[in-house]
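Starting from 1, each residue takes its place in the sequence as its number.
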Amino acid sequence: MVPNPSLRVFLADDSSLIRSRLATLLGGHQMQVVGEAATPQACIAGILAAHPQVVVLDVQLEGGTGLQVLRAVRQAAPDIAFVVFSNNAGPAYRKRYLGEGAAGFLDKSSELESLPVAIAQAGNAGHLQAH
């Protein structure tokens with residue numbers, strides 16, 4: 001699958017280093033990072049303001065969890081897709097996030113190179129549902 005050059009992505013991660021690396025990676029795949037934040041509150045506000053097609057979401061955020069963001073945004077804007085990208089990639093986390101509506105769940109330690117494809121698939125699936 002070819003990544004969508006107009007795909008708008010929001011980065012929700014508590015590590016500025018990770019956000020920077022992801023922005024560089026996604027930029028290389030012609031994806032546009034439209035916002036980023038580290039706390040659940042800043043993520044929710046930023047996502048709803050920027051209205052990206054896909055959010056890359058970490059399980060552990062500064063002062064809270066990605067699940068707070070996923071639930072709040074899915075309630076307010078169900079058309080936004082989520083790809084969880086976390087070091088906390090155990091089966092219980094995967095089941096919980098996918099059960100709450102995440103389009104994908106990748107492990108930071110081993111699946112970085114799969115992230116652009118997962119984002120493209122989530123974005124294209126959301127795009128197809130919107131039409």
ask   = Are a donor atom and an acceptor atom from the side chains of D13 and S15 found within less than 3.5 Å of each other?
value =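 Short answer, no.
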Within one Ile-Leu-Val-Met-Phe-Trp-Tyr cluster: [X] and [Y], side-chain cutoff 4.5 Å:
| X | Y | answer |
| --- | --- | --- |
| I119 | L25 | yes |
| V73 | L98 | yes |
| V83 | I47 | no |
| V117 | V84 | no |
| M31 | L115 | yes |

key: With D58 via side-chain hydrogen bond (donor to acceptor under 3.5 Å, both in side chains) - residues at least two apart   = S86, K108
Please give me the minimum heavy-atom distance between [X] and [Y], naming the atom from each residue.
| X | Y | result |
| --- | --- | --- |
| L7 | A120 | CD2-CA, 3.8 Å |
| C43 | V69 | CB-CG2, 3.9 Å |
| P52 | V34 | CB-CG2, 3.8 Å |
| A122 | A103 | CB-CB, 3.8 Å |

Would you check if [X] and [Y] make a side-chain contact, meaning some heavy-atom pair closer than 4.5 Å?
| X | Y | result |
| --- | --- | --- |
| T65 | P40 | no |
| T39 | L61 | no |
| R21 | L112 | yes |
| H51 | D79 | yes |
| Q41 | I44 | no |
| F10 | I80 | no |

Neighbour count above 12 (heavy atom, 6.0 Å) for [X] [atom1]:
| X | atom1 | value |
| --- | --- | --- |
| R8 | CZ | yes |
| Y93 | OH | no |
| E113 | CD | yes |

request  = Could you tell me whether a side-chain N or O of R94 sits under 3.5 Å from a main-chain N or O of F105, the two making a donor and an acceptor?
outcome  = yes
For R74, side chain to side chain contact (heavy atoms under 4.5 Å, CB included) partners two or more places apart =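 With sequence neighbours excluded, R74 shows a side chain to side chain contact (heavy atoms under 4.5 Å, CB included) to L70, F82, given in chain and number order.
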Full working for side-chain contact (heavy atoms from CB on, under 4.5 Å) between L11 and L26 = CA-CA 10 Å; L11 304 177; L26 300 182; 4.0 Å; yes
Reported OG-to-CD distance for the pair S16 and E36, which is rounded to 0.5 angstrom =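 Interatomic distance, S16 OG to E36 CD, rounded to 0.5 Å: 8.5 Å.
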